[in-house]
Student: 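Take a look at this one; I'll ask things after.
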Amino acid sequence: MNRKKKILIITGVTLLLTSFAVQASMPVPDLLPIGQLKLNMEAVEKDSQEEGQVSGNSAVESVSENDMETAQDVLDGEAIGWGEIMISDKTAEDYELAYERAKNANWGYTNLGIADVSDNLNIRAIAAEDGRLVGKLPRNAACEVIDTDDTWAHIKSGSVEGYVSLDYLLTGVLAKFKAEELAVTVAKVNTDSLKVRAEANTESEVITLVAMGEELEVAAVEGDWVKVLLDNDEVYVSAEYVEVSAELGTAVTMTELLYGQGVSDVRVDVCQYAKEFIGNPYVWGGTSLTKGTDCSGFVMRVFQKYGVKLPRNSRAQANCGTTIKVSEAKPGDLIFYAKGKTINHVAIYIGNGQVVHASSPKTGIKISNVSYRTPFKAVRILYD
């Protein structure tokens, strides 16, 4: 059997079915984007039909949710691992069939939906256009579709539940196919204060710390180390302290700041205005809130609307206003992050432990936990 083909196929199976801990003692090939795994569908259909397992036009359509089988079931309980694959007597078609059936698990969703919009899909508390905004489903993010009528879909995504327009939601087979293209490989931190290093060795500079439960997008797995994306930098974390899996994006919680609830009107306005641009692109050196901006350009333009003039880069912005403790930050204050001891990123605190920021070319303007990496400094530029 072709060794390379086996490795490609089992990579897809493993990512789809298991959130696996990357073993520090075993080198792992760079992970493939799911959409790049090319399958021989004709072989899958032929093999399945001969065994009497498939009826219809494709393997994707043939397995009902009630008859789901794991890859281990398809492979007669044989263990799935790099060593076992090299000596397995299973054929390439067996592994392709296992991959197809794994896809039918809908990535963990019973009734998968994908946001089919150019920026964000508003999630409302009730099924009405004037319903209170409770979250946003970014372009291509996934959700569980609980129920639908002719106009609205009742959904749940991440920690957000509400209603979205059915016109902008892919469901059924279209959602499944789209999900295969969209899944990204992430590393979920499974230890307190994970050290992020500039290079893949323990002697390298510690850039920052990342809290337990945070997810970092994976660029590659390189033996004992995982190369991840942190805002606009490629950095490294120990494979021992993360779990790598393929995931779909989910909704963003829209924490509402209400007038007259202990936060000044101008702070409420600043935060609500900044959140209008969630999902818009990141462009290094850019200053357009709609066409593309970097982190400091985003902060500069948001505060410009309120008569606050700020310098162009994050290090200069950190010298403005009054330095405060991060724990004392109010909505509208600035949170700075550093690479080592050099400030290289800025975000706007929006309350409830969250910041909004222009993160990276892949994610654009987004909401994150304030501790998604260790805050370096907080600054107050609004006085009320």
Student: Tell me if a side-chain donor or acceptor on N369 pairs with a main-chain N or O of Y372 at a distance below 3.5 Å.
Tutor: no
Student: So does D231 pair up with R373, basic N to acidic O under 4.0 Å?
Tutor: yes
Student: Do T208 and L230 have side chains that get closer than 4.5 Å, going by heavy atoms?
Tutor: yes
Student: Mind checking whether V302 and Y273 have side chains closer than 4.5 Å, heavy atoms only?
Tutor: yes
Student: Looking at E144 and K156, does any basic side-chain N land under 4.0 Å from a carboxylate oxygen?
Tutor: no
Student: Say whether S296 and R312, considering side chains only, have a donor N or O and an acceptor N or O under 3.5 Å apart.
Tutor: yes
Student: Is the shortest side-chain N to carboxylate O distance from E243 to K188 below 4.0 Å?
Tutor: no
Student: Hydrogens and angles aside, do Y383 and T322 bring a side-chain donor and acceptor to less than 3.5 Å of each other?
Tutor: yes
Student: Are any side-chain N or O atoms of N313 and backbone N or O atoms of R315, one a donor and one an acceptor, separated by less than 3.5 Å?
Tutor: yes
Student: Quick check on the 6.0 Å ring-centre criterion: do Y282 and F298 meet it?
Tutor: no
Student: Is a donor from one side chain sitting under 3.5 angstrom from an acceptor on the other, for H345 and S314?
Tutor: no
Student: More than 12 foreign heavy atoms under 6.0 Å from CD of E129: is that the case here?
Tutor: no
Student: Taking the side chain as everything from C-beta on, heavy atoms only, tell me whether K195 gets closer than 4.5 Å to Y236.
Tutor: no
Student: So, do R267 and D333 sit near enough that their side-chain heavy atoms are less than 4.5 Å apart?
Tutor: yes
Student: Using side-chain heavy atoms (C-beta onward) and a distance below 4.5 Å, is N319 in contact with K377?
Tutor: yes
Student: Consider only side-chain N and O atoms of N344 and D233, and report whether a donor and an acceptor are under 3.5 Å apart.
Tutor: yes
Student: When you check the gap from the basic side-chain N to the acidic O, do E205 and R197 get nearer than 4.0 Å?
Tutor: no
Student: Flag the pair C143 / L169 as yes when at least one side-chain heavy-atom distance between them is below 4.5 Å, and no otherwise.
Tutor: yes
Student: Is the closest side-chain heavy-atom distance between F336 and I343 below 4.5 Å?
Tutor: yes
Student: Does some side-chain heavy atom of T374 sit less than 4.5 Å from a side-chain heavy atom of Y337?
Tutor: no
Student: Would you call K178 and D116 a salt bridge, using N to O less than 4.0 angstrom?
Tutor: no
Student: Donor-acceptor pair, T287 side chain versus T293 backbone, under 3.5 Å?
Tutor: no
